[in-house]
Enquirer: 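Below is one structure. I have some questions about it.
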Amino acid sequence: MPNDIRPSLGLRPVINVSGTMTSLGASIVVPEAIEAMASILPHFVEINDLQRKASAVIARLTGGEAGFVTSSCSAGISLAVAGAITGDNLLAIEKLPDAVPEKNEVLVQMGHVVSYGAPVDQAIRLAGGKVVLVGQATSTHRFHMEKAITDKTAAAVYVVSHHVVDYGLLNLKEFVEIAHAKGVPVIVDAASEYDLRIFLEQGADIALYSGHKFLGGPTSGIVAGRKELVRHAFLHNMGIGRGMKVGKESIFGVMAALEAWESRDHAGIRERETGYLNLWKRTLDGRPGITALIEPDPTNNPLDRLRLIVNSEQAHITAWDLADALARGNPPIIVRDHEVEHRYFYLDPCNLHPGQEVIVADRLAEELDKARASNEIIATPIENRSRHRFDGLLRWPD
């Protein structure tokens, strides 16, 4: 593990078993990207020419015709939607989002309108898009989408995420089929996905990826797909995309991360992560009130996580209090707790430096032993989490 600068900055030395979360810095940047960024920082470049070089790398890795790098996958949604609305009309590009062309409706399945730290629909509205919700939260049928398409429909957005409703909705192939039958382009938000080719292969016109999650690049987003639509999205760098720009170091860092992805020992990484999961399961098995299950990723990424289910009466602590105790401890362990009201949370093995898996196991044992030694069940009302969720943000800066 490299020298840790965090204590000198007064930052907590957190251990991330939550996943590739932007709020935690997303992922560990790969050495190839760090080296590339350092090598280009002292030099001037023509950014559009560097983006052309990035386009070639993105096209090779994704199977798209072209691509470019932007500041985030969220920015990619806004730029791709804006491009679908304006085409290459430079005046319309300058006037967004106030003066919007009449063809500005963007279809999204209701079960896909989730928050990734901000609402999906807001990224569309920033581009001047009018969000048209399709179906209900847990049910979208063909007729819902077919009847929603009009002569005002500019695009359709499909979200791939563990947050979306994973049943009762149109899958991507059917979504694409319905959209393309009426000439509507499909934009896929695949921020946290491993497979860089499948979404374009299944018919998407643009696929959007995070450059700083599984790829291990700098904070960035990748726009890939049909050349014309990518060009229209790229033109918005002289409009709403100006505030979403990336520097030379991010563009070159993403190029290096993509090329490193080609040669990465994916099987070896999975084997190492499986060892972490098995260690945690051994640590937890047999403990009163604790069930540990190794489960596959819900969006079919090639990885597993450990689900830790808590029976508070037997373990003497609730799942959310255990998650909070781990986060408060030394060192702080941040778990994947977005479903903790269902009395479980996840441990993600993908972002650990060697040796941290043992620290996680020790901290789990420490907190569970402490809870069992308590005469009373540690059970803070779950409503407290909701009530105080944004306290830190609202106080910022202290």
Side-chain angles (χ1 to χ4, degrees), residues 1-38 162 191-194 210-220 249-250 253-254 256-284 292 294-295 297 301-308 322-338 345-368:
M1 181 170 149
N3 291 333
D4 194 344
I5 195 174
R6 292 172 295 182
S8 68
L9 296 171
L11 299 173
R12 297 200 309 158
V14 299
I15 294 177
N16 174 16
V17 287
S18 179
T20 54
M21 303 299 176
T22 297
S23 60
L24 293 174
S27 68
I28 298 165
V29 177
V30 296
E32 294 89 343
I34 295 171
E35 182 180 352
M37 289 186 283
H162 65 280
S192 296
E193 300 309 297
Y194 258 74
S210 169
H212 58 274
K213 292 192 174 182
F214 286 126
L215 282 171
T219 300
S220 57
E249 69 281 3
S250 291
V254 167
L258 282 165
E259 291 176 330
W261 186 256
E262 287 184 289
S263 58
R264 186 179 296 184
D265 180 10
H266 295 278
I269 291 171
R270 294 289 81 75
E271 183 179 357
R272 185 177 72 232
E273 291 172 355
T274 299
Y276 298 169
L277 293 168
N278 289 334
L279 168 64
W280 298 338
K281 192 172 189 309
R282 289 195 303 271
T283 300
L284 296 167
I294 295 175
E295 298 181 346
D297 178 76
N301 285 318
L303 63 98
D304 297 327
R305 297 183 182 90
L306 186 138
R307 178 154 59 138
L308 196 162
L322 177 56
D324 289 345
L326 290 165
R328 287 193 305 267
N330 183 24
I333 309 292
I334 311 298
V335 304
R336 192 181 189 93
D337 64 353
H338 61 281
F345 56 78
Y346 287 93
L347 303 177
D348 186 307
C350 296
N351 288 282
L352 298 177
H353 292 291
Q356 289 184 329
E357 75 282 3
V358 176
I359 298 173
V360 172
D362 290 345
R363 289 279 292 110
L364 286 166
E366 175 189 350
E367 293 299 342
L368 289 169

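Numbering of residues begins at 1 and proceeds along the displayed sequence.
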Enquirer: Does any non-hydrogen side-chain atom of Tyr346 lie less than 4.5 Å from one of Arg307?
Expert: yes
Enquirer: Check whether any side-chain heavy atom of Arg305 lies under 4.5 Å from a side-chain heavy atom of His162, and answer yes or no.
Expert: no
Enquirer: Is it the case that atom CD1 in Ile5 sees more than 12 heavy atoms from other parts of the structure closer than 6.0 Å?
Expert: no
Enquirer: State, to 0.1 Å, how close Thr283 and Ala365 come at their nearest heavy-atom pair, and which atoms those are.
Expert: CG2-CB, 4.3 Å
Enquirer: Whether the side chain of His266 engages the backbone of Trp261 through a donor-acceptor N/O pair (distance < 3.5 Å, no angle test) should be reported.
Expert: yes
Enquirer: For the pair Ser210 and Thr20, evaluate side chain to side chain contact (heavy atoms under 4.5 Å, CB included) and give the outcome as yes or no after the intermediate values.
Expert: CA-CA 10 Å; Ser210 169; Thr20 54; over 6 Å; no
Enquirer: Minimum heavy-atom separation for Asn351 and Gln356, please, with both atom names.
Expert: O-OE1, 4.3 Å
Enquirer: Taking all non-hydrogen atoms of both residues, which atom of Ala327 and which atom of Pro332 are closest, and how far apart?
Expert: O-CB, 3.2 Å
Enquirer: Quick one: CG on Asn330 to CZ on Arg12, what's the gap to the nearest 0.5 Å?
Expert: 10.0 Å
Enquirer: Please tell me if the side chains of Pro218 and Met37 come closer than 4.5 Å, counting only heavy atoms from C-beta onward.
Expert: yes
Enquirer: Write down the atom of Ala33, the atom of Gly216, and the distance for their closest heavy-atom approach.
Expert: CB-O, 4.1 Å
Enquirer: As a test of understanding, state which of Ile359, Leu308, Val17, Ile333 forms a side chain to side chain contact (heavy atoms under 4.5 Å, CB included) with Leu364.
Expert: Leu308
Enquirer: Using side-chain heavy atoms (C-beta onward) and a distance below 4.5 Å, is Asn278 in contact with Ile294?
Expert: yes
Enquirer: With distance as the sole test, does Arg264 use its side chain to make a donor-acceptor pair with the main-chain N or O of Leu215 at under 3.5 Å?
Expert: yes
Enquirer: Quick one: pull up CG in Leu279 and CG in Leu284 and give me the separation to the nearest 0.5 Å.
Expert: 9.0 Å
Enquirer: Taking the side chain as everything from C-beta on, heavy atoms only, tell me whether Asp348 gets closer than 4.5 Å to Ser18.
Expert: no
Enquirer: Minimum heavy-atom separation for Leu326 to Arg363, with atom names?
Expert: O-NH2, 3.0 Å
Enquirer: Is the side chain of Ser23 donor-acceptor paired with the backbone N or O of Met21 at a distance under 3.5 Å, no angle test?
Expert: no
Enquirer: Considering all heavy atoms of both residues, which atom of Lys213 and which atom of Ala26 are nearest to each other, and what is their separation?
Expert: CG-CB, 4.4 Å
Enquirer: Say you draw a straight line from CG of Leu277 to CD of Glu357; how long is it, rounded to the nearest 0.5 Å?
Expert: 10.5 Å
Enquirer: Under the criterion side chain to side chain contact (heavy atoms under 4.5 Å, CB included), I'd like the reasoning laid out for Asp4 against His353: C-alpha separation, chi angles, the key distance, then a yes or no.
Expert: CA-CA 12 Å; Asp4 194 344; His353 292 291; over 6 Å; no
Enquirer: Which value, rounded to the nearest 0.5 Å, describes the distance between Asp324 atom CG and Phe345 atom CZ?
Expert: 9.5 Å
Enquirer: When you look at Leu322 and Val335, which way does the side chain to side chain contact (heavy atoms under 4.5 Å, CB included) test go after all the steps?
Expert: CA-CA 10 Å; Leu322 177 56; Val335 304; over 6 Å; no
Enquirer: Nearest 0.5 Å please: distance from the CG atom of Leu347 over to the CG atom of Asn16.
Expert: 11.0 Å
Enquirer: Are the side chains of Val29 and His212 in contact, using a 4.5 Å heavy-atom criterion?
Expert: no
Enquirer: For the OG1 atom of Thr274 and the CD1 atom of Ile269, what is their distance to the nearest 0.5 Å?
Expert: 11.5 Å
Enquirer: Is a donor on one side and an acceptor on the other found under 3.5 Å between the side chain of Arg6 and the backbone of Val14?
Expert: yes
Enquirer: For the residue pair Tyr194 and Phe214, does the interplanar ring angle fall in the parallel (under 30°), tilted (30 to 60°) or perpendicular (over 60°) class?
Expert: tilted
Enquirer: For Glu295, is the CD atom crowded, meaning more than 12 foreign heavy atoms sit under 6.0 Å from it?
Expert: yes
Enquirer: Is it the case that atom CD in Glu262 sees more than 12 heavy atoms from other parts of the structure closer than 6.0 Å?
Expert: yes
Enquirer: Just by modelled atom types, is the Pro302 backbone N or O under 3.5 Å from a matching donor or acceptor in the Arg270 side chain?
Expert: yes
Enquirer: One pair to check against side chain to side chain contact (heavy atoms under 4.5 Å, CB included): Glu32 and Glu259. What are the steps and the verdict?
Expert: CA-CA 9 Å; Glu32 294 89 343; Glu259 291 176 330; over 6 Å; no
